[in-house]
Each structure stands twice: as C-alpha cells, then as structure tokens.
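Okay, so here's the structure we're looking at.
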There are 2 protein chains.
Amino acid sequence: MTLRKSIILYGVAMALLMGVLKFAEYRFFVHDLSLELYLGLVAVLFVGLGVWVGRRLTRVKVIEPSTEITRDEAKLKKLGITKREYEVLGLIAQGLSNKEIADKLFVSNSTVKTHTSNLFLKLDASRRTQALQRAKELQIIP
Amino acid sequence: MTLRKSIILYGVAMALLMGVLKFAEYRFFVHDLSLELYLGLVAVLFVGLGVWVGRRLTRVKVIEPSTEITRDEAKLKKLGITKREYEVLGLIAQGLSNKEIADKLFVSNSTVKTHTSNLFLKLDASRRTQALQRAKELQIIP
DNA sequence: TGTGAATTCATACTTTTGGCCGATTGTGTT
DNA sequence: AACACAATCGGCCAAAAGTATGAATTCACA
C-alpha cells in the first residue's frame, strides 16, 4: 500500500520533472525567462517532494502502537487475568477506590477486594500502585 | 538554539543555490552540459534539503518531550509542588509504600505522610492512585 | 449432565493509608 | 531581626486497603 503509493508518487514526480524540462527547453528557444527562474522552480518543487518523503519516513514510528493492542489478550491469558479482573485493574488505574469500583460495576465491596487480591497474586504485587507499575511494565495497560 | 541552526542552514542552502546558479551560468557560456543535467542536479539537491526539513518538522513531536521536561519545573512551581514532594511522587509511581519511601529517602514515616498529604492537596487527590492519574494528566510524570 | 473456572459475597483480622492537629529546624528574603 | 517556606517529626483516629477462609451461583463446554 504505502510502497505502491510511493512508487506512484515517484512516477508522478518524474513526469512533472520531464514536463518542467520540456517547458524549460521550449522557453529556452524563445529566450524569454531566465535560467535562474527555472532552477528556482525546480528547487521549490523538489523541496516539497523532499518534505513529503521525509514525513513519510518518520511517520513509520506512529504505526507501531496498533501491534501492541492485539497482543494484550494473549498477555492476559498468559498471566491468567480474567476479564473482570482486568476491568477492575483499569478502574484502579483511573484512581478509583474499591467502593467507587464496586458502585461502577454494581457489585459489593467484597467482590472488588477479591478481584484485586487475585490481581495482586497474578501481577506479583501487594499494593495497587505496585500493581499499576507491574501492569505498565507488562504493557497490559497504557 | 534550534531557530538559529535553522537560519544558518537556510543561509548555507541559499549560498549553495547561488553557487549552483553561478556554476550553471558559467557552463552555459561554454555550452558543455545539458540543461536537463543542471535541473536534475538542483532537483536532487533540494530533495535532500526537503527530506531534511521534513524530518525537522516531524521531529518536533520527538523534541516535545524534552520541552516538557523543561516545562515540568514551571508546572511544578505553578502547582506549588516542592522538590521533595515530587521525589515522593516519583517513588509512589514506582509502587512503593510509605515505609519503603521513608527508608529510601532516610526520613521517617511521618515525613513521607506529610509529603503525600501535601501532594494530595496540590494535586486535588485523596488517594495515591488518584494522585498518579492526575499527575499523568498534568504531564508531570511519564 | 457434570466439571471446572469465573464471578459473586461475607466475615474477621491486620496493615496501610489518609486527615488533622501541632512543633522544630534550617534557609533564604525583605 | 523578622518572616515565609521547605523539610522534618510525632501522635491520634478513622477510613481504606489487603489477607485469609469459606461458600454460593452462574456458565461454558466437554
């Protein structure tokens, strides 16, 4: 996709260059415009092209994150973390207390505590802040 | 710094362009090389310049983090967070308990609690997880 | 159909955390 | 010197969080 686009654009650029050259050649016989102007025109055109290519090259880094998202579920299964536990983990990351989490999930405080305890076992943590740190390390939360 | 560099580079580029033009002019009288070759040369040169500029432009995003680091202190002052409090905040983010933080900083548990309490006031939080969330929002911790 | 995992809840207990007081010491500023 | 401020510490109490144990329910799936 990206490669094909690049090739097409390169072709277009080459065609444009040829056009400019032909135009210049034509003008040359007429002895109308100065050479400097042609060169300036070409320069501006290719600076533009260069900027575009440069941006393309650096934009590759932005595409990476999407790969990690798909890996998440695999990581969760490897750690034995269930959906509900992961849900609770997310709410902990948002800074909610057990009570607030319980209210949000329509369960009792006990249930949330059970989930967090299990989370701590699986994440090898003994505090919620530690669990968050571990979860970030394991890249299961942003 | 960056602006000055850009200006210098722009100057160099202009000088280069002038050189190319003079060279082209000279060659023009000799009627040796073709016009297409000059144009091609200029094109290649400015594609290079364009790539460089493009990377500069996109690299702005990469440079931002360092800018934020310098902004960090300004943010901290705006929030009234002291060095010691910020230190404690960092250790909380690493998942340490008050006791562990106290040991690491060679102070008493009371002192750490004082720092965290002040932090909570300044970050408008009432839990350490909430403080972390706020701190991330305010971009004073990664 | 029954088996295991996930989810739910409770109770009791310990540890950690947070809120609210006050107090001392050093440092730099006016 | 007087003052503001950062950093330090302690005590007390209440709330939140974490641990351990046991048990009921639901639900997928073999």
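Residue numbers begin at 1 in each chain, while the letters A, B, ... track the order of the sequences. Only heavy atoms go into these numbers, but all of them, side chains included; no hydrogens, no water, no symmetry mates.
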Ser126(B) near the nucleic acid: base, sugar-phosphate alone, or nothing, with a heavy-atom cut-off under 4.0 Å?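 Here Ser126(B) touches the backbone only, sparing every base.
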Remember a base hit wins even if backbone is also touched, and classify Thr111(A) as base, sugar-phosphate or nothing at under 4.0 Å, heavy atoms.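 The answer is base, as Thr111(A) lies within the cut-off (heavy atoms under 4.0 Å) of a base atom.
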Does the side chain of His115(B) reach to within under 4.5 Å of the side chain of Val112(B), using non-hydrogen atoms?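 No, every pair of side-chain atoms sits at 4.5 Å or beyond.
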Phosphate oxygens OP1/OP2 of [N]: is one of them under 4.0 Å from a side-chain N or O of [X]?
X	N	answer
Thr82(A)	dT7(C)	yes
Asn98(A)	dA17(D)	yes
Ser110(A)	dT11(C)	no
His115(A)	dT8(C)	yes
Ser108(B)	dG10(D)	yes

Rounding to an integer number of Å, can you tell me how far [X] [atom1] sits from [N] [atom2]?
X	N	atom1	atom2	result
Arg127(A)	dT14(C)	CZ	C1'	15 Å
Asn118(B)	dG18(C)	CG	P	13 Å
Glu85(A)	dA6(C)	CD	P	8 Å

Glu100(B) bridged to Arg127(A) by N-O distance under 4.0 Å: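 So Glu100(B) pairs with Arg127(A) through a salt bridge.
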Once hydrogens and angles are ignored, does a donor-acceptor distance under 3.5 Å link the base of dC20(C) to the side chain of Ser117(B)?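 No such pair is found, so the answer is no.
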Do any N or O atoms from the side chain of Thr114(B) and from the backbone of Ser110(B) form a donor-acceptor pair under 3.5 angstrom?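 Yes; judged by distance alone, with no hydrogens or angles, the pair exists.
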When you measure from the side chain of Lys75(B) to the backbone N and O of Leu138(B), does any donor-acceptor pair fall under 3.5 Å?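 Yes; judged by distance alone, with no hydrogens or angles, the pair exists.
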